[in-house]
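Chain naming here is simple, since letters A, B, ... match the order of the sequence lines and numbering starts at 1 in each.
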There are 2 protein chains.
Amino acid sequence: MTQEDGAAARPRRVTVVTLSKLAGVAPSTITRALKGDPRISPKTREKISALAKEYGYTPNALARTLSSGRSGLYGIVLGPESNPLYSHILHAAMDEAESIGCRLLMLHIGMEQMDEKTAEALLQYQVDGCLITSAAIGSRAADICRENNVPLVMVNRVAERHGSFVSCDNRAGAGLLAKHLLQTGRRKFAVIRPPQTSSTARDRENGFTEVLADAGIAGVMRLNYASGWDEGYAAGGVLAGMLEGEQPDAVFALSDILAMGVIDGLRAAGIRVPQDIAVVGFDGLPESQRPTYQLTTVEQPIRMMINRAFKLLEARTKDYFLPDEQVSLGGRLLIGKSSQLT
Amino acid sequence: MTQEDGAAARPRRVTVVTLSKLAGVAPSTITRALKGDPRISPKTREKISALAKEYGYTPNALARTLSSGRSGLYGIVLGPESNPLYSHILHAAMDEAESIGCRLLMLHIGMEQMDEKTAEALLQYQVDGCLITSAAIGSRAADICRENNVPLVMVNRVAERHGSFVSCDNRAGAGLLAKHLLQTGRRKFAVIRPPQTSSTARDRENGFTEVLADAGIAGVMRLNYASGWDEGYAAGGVLAGMLEGEQPDAVFALSDILAMGVIDGLRAAGIRVPQDIAVVGFDGLPESQRPTYQLTTVEQPIRMMINRAFKLLEARTKDYFLPDEQVSLGGRLLIGKSSQLT
DNA sequence: TTGAAAGCGCTACCAT
DNA sequence: ATGGTAGCGCTTTCAA
């Protein structure tokens with residue numbers, strides 16, 4: 001197919017060759033000048049960058065990838081859209097990507113595992129690495145990545161078998177919540193948790209109950225509910241319907257979005273929060289801090305987590321065989337009116 | 001750099017050439033066989049696809065793009081993460097992309113305009129087109145796309161000057177809301193709107209007030225508030241503080257997330273919704289249908305909008321010079337308890 | 001029905 | 001300090 005077909009003969013995009021002819025130098029000189037190679041004379045460099053600007057040259061990232069092996073593209077996999085946490089993670093990732101000059105390929109959203117086909121997209125588009133937040137990765141998909149040296153970093157969930165990850169210190173954070181509830185006089189506890197135990201959920205639950213156990217409290221009620229607002233609301237209704245003697249006076253919902261549902265569910269059934277029951281969550285979503293909730297929770301340092309995750313990824317892009325690295329960052333206890341009134 | 005450096009000599013990825021040697025045919029035959037070219041004999045085709053499977057061949061999308069011109073990549077630009085609408089749009093777009101076999105490059109999130117640098121990424125990664133939802137595109141960025149024949153389709157906002165777009169019929173939808181409020185006996189109206197008037201906001205506002213005007217109601221109160229929950233909450237407080245005679249008995253918040261804030265703000269100030277004031281929104285977010293809100297609103301047919309948007313994009317990928325096309329889809333009125341009790 | 005070869009745009013290497 | 005050239009992996013003519 002030549003230039004002459006079609007109604008309008010549109011100008012072909014300007015490439016390094018175009019510029020090289022314009023400047024009367026070799027293509028390689030163009031490349032070097034534009035990427036700031038110190039061996040190029042200031043004069044030549046200036047002439048070339050002037051030309052590049054004038055002709056609106058934009059490098060073709062694909063061609064570059066083909067010859068250099070690096071695409072500047074990172075894959076990202078997000079958890080379900082029903083949890084605002086992932087919107088915030090995505091936003092943080094976008095900002096971080098921009099600051100380090102790379103782009104994000106959206107691969108998957110949802111609770112289900114990332115499938116084989118998605119993993120193949122990682123290869124097809126030659127991503128330099130992939131950020132996995134929450135959604136589990138299928139073993140087949142993980143194999144594909146390993147076989148092809150695509151670095152993977154998990155955020156907000158630990159790698160099941162091996163791999164690098166960045167997480168909030170879920171155990172310690174949950175411990176802070178337990179201590180706070182004990183200090184404010186609560187004695188009868190319930191944990192609302194997702195039925196399938198992710199590492200994150202497990203750590204939060206254990207961190208919570210261990211502190212209680214240390215304080216001599218053993219019997220913690222456990223209720224299984226999927227992790228959305230709707231399920232939390234339903235759980236709130238169930239808690240509200242309990243007999244006087246059975247009803248807990250403090251509830252730890254393993255995520256904020258769940259906790260928000262619990263609060264609404266309790267209130268809809270006439271239970272006062274925090275007077276009758278205190279509710280605490282985990283994540284530190286901005287939504288959970290609205291006046292209607294003022295949720296006591298542990299704030300995950302999302303931006304820092306994302307920053308670290310990209311650092312791990314970048315390092316493994318340069319050297320795939322670096323050993324796995326695990327980063328745990330402390331969360332900050334936010335005390336709101338969902339657990340005490342003053 | 002040869003294969004021999006590094007600790008482990010990892011196998012080079014299998015390519016068409018690898019397969020061609022294995023099968024004893026030319027590389028072009030591999031390409032043809034794998035893409036189902038009818039000229040290849042069934043026997044050869046089968047042998048080749050068996051080999052491809054056996055050796056785990058994955059085509060390199062970048063190399064393909066370089067020679068064919070099509071990347072199978074679409075850019076996407078989203079509005080601010082504080083509005084769940086965009087999470088739902090993103091999810092719908094992911095599903096649609098999967099069903100047509102392409103991938104999404106996340107370009108920008110937020111209210112600010114998509115900048116020049118982002119537009120350049122469209123060229124660098126040779127995207128086949130770009131979906132713009134809500135965030136305005138800078139004129140410079142639009143120029144870049146036009147000059148380089150990158151098709152653009154807007155969703156949920158009309159193109160300012162020219163360009164294709166898909167939107168919900170905002171005027172008609174808002175009209176439905178007005179009619180409903182009139183039918184349920186409301187007579188004193190307020191519109192809560194964002195200070196900067198987007199086309200979407202304008203259409204909704206006009207569609208609403210025109211129906212009111214037809215019913216002989218002229219004096220509609222207008223309050224300017226940015227479009228998040230927080231601002232809605234503040235607006236609710238302001239409405240609650242109004243004098244008996246001035247207070248409207250029905251409020252149209254131009255988006256659901258804003259309406260949710262308004263409801264919470266009113267209730268926090270002791271105003272009953274819907275008894276004292278009816279509140280309606282626009283979007284049809286799942287969040288707005290929670291028992292705590294049960295918002296009366298107009299549901300945008302998001303999945304269908306996204307489907308149409310991709311169709312427009314695909315068509316313009318094949319022929320950039322197709323005329324602009326505008327699609328408007330009707331929204332569905334959802335009547336909830338935020339506007340009437342029964 | 002298949003092969004050969006050119007070329008997409010860029011970079012890296014080896015010369016000079 | 002700069003030029004020349006091969007090659008990344010795939011597709012697409014043109015030939016056979």
Query raised in the report: In whole angstroms, how far is the P atom of D/dT13 from the CG atom of B/Asp37?
Result: 12 Å
Query raised in the report: Does the pair A/Arg39/A/Asp37 count as a salt bridge with the N-to-O cut at 4.0 Å?
Result: yes
Query raised in the report: What's the CG-P distance between B/Leu19 and D/dG9, to the nearest Å?
Result: 12 Å
Requested in this report: Determine the contact category for A/Arg39: base if any of its heavy atoms lies under 4.0 Å from a base atom, sugar-phosphate if only primed atoms, P, OP1 or OP2 are that close, otherwise nothing.
Outcome: base
**Report entry** A/Ser28 vs D/dG4: side-chain N/O to OP1/OP2 distance below 4.0 Å
**Finding:** no
Query - Under-4.0 Å side-chain N/O to phosphate OP1/OP2 contact, B/Tyr57 with D/dC10 - result: yes
Query raised in the report: Between atom NZ in A/Lys47 and atom C1' in D/dT2, what is the gap in whole Å?
Result: 12 Å
Report task. May I ask you to say whether A/Glu96 pairs ionically with A/Arg303, meaning some side-chain N is under 4.0 Å from a carboxylate O? Result -> no
Query raised in the report: Within the structure shown, what part of the strands sits under 4.0 Å from B/Ser41 by heavy-atom distance: base, sugar-phosphate, or nothing?
Result: sugar-phosphate
Report task. Output, in order, the C-alpha distance, side-chain angles, deciding distance and verdict of side-chain hydrogen bond (donor to acceptor under 3.5 Å, both in side chains) for A/Tyr55 and A/Thr18. Result -> CA-CA 9 Å; A/Tyr55 285 85; A/Thr18 323; over 6 Å; no
Report task. To the nearest Å, give me how far apart CG (A/Leu34) and P (C/dA12) are. Result -> 14 Å
Report task. Hey, which sits more toward the 5' end of DNA chain D by its nearest nucleotide, B/Arg32 or B/Asn60? Result -> B/Asn60
Query raised in the report: Does A/Ser68 get its side chain close enough to the base of C/dA12, under 3.5 Å, for a donor-acceptor pair?
Result: no
Report task. Run the numbers on B/Thr31 and B/Ser28 for side-chain hydrogen bond (donor to acceptor under 3.5 Å, both in side chains), then give the verdict. Result -> CA-CA 5 Å; B/Thr31 302; B/Ser28 43; over 6 Å; no
**Report entry** N/O (side chain, A/Thr44) to phosphate O (OP1/OP2, D/dT2) under 4.0 Å
**Finding:** yes
Query - Rounded distance in Å - OH (A/Tyr125) to P (D/dG9) - result: 17 Å
Query raised in the report: Quick one: which of C/dC10, D/dC10, C/dA4 gets closest to the side chain of B/Val16?
Result: D/dC10
Query raised in the report: Looking at B/Ser67, does any N or O in its side chain come under 4.0 Å of the phosphate oxygens OP1/OP2 on D/dG9?
Result: no
Report summary line: Rounded to whole Å, CG of A/Leu62 lies from C1' of C/dC8 at a distance of 10 Å
Requested in this report: Report yes if a side-chain nitrogen or oxygen of A/Thr29 is closer than 4.0 Å to either non-bridging phosphate oxygen (OP1 or OP2) of D/dG3; otherwise report no.
Outcome: yes
**Report entry** side-chain hydrogen bond (donor to acceptor under 3.5 Å, both in side chains) between B/Ser41 and B/Thr44, intermediate numbers included
**Finding:** CA-CA 5 Å; B/Ser41 75; B/Thr44 317; 2.5 Å; yes
**Report entry** Atom pair distance, as rounded to whole Å: NZ in B/Lys35 and P in D/dC10
**Finding:** 13 Å
Report task. Give the rounded distance in Å between these two atoms: CG of B/Leu66 and P of D/dC10. Result -> 12 Å
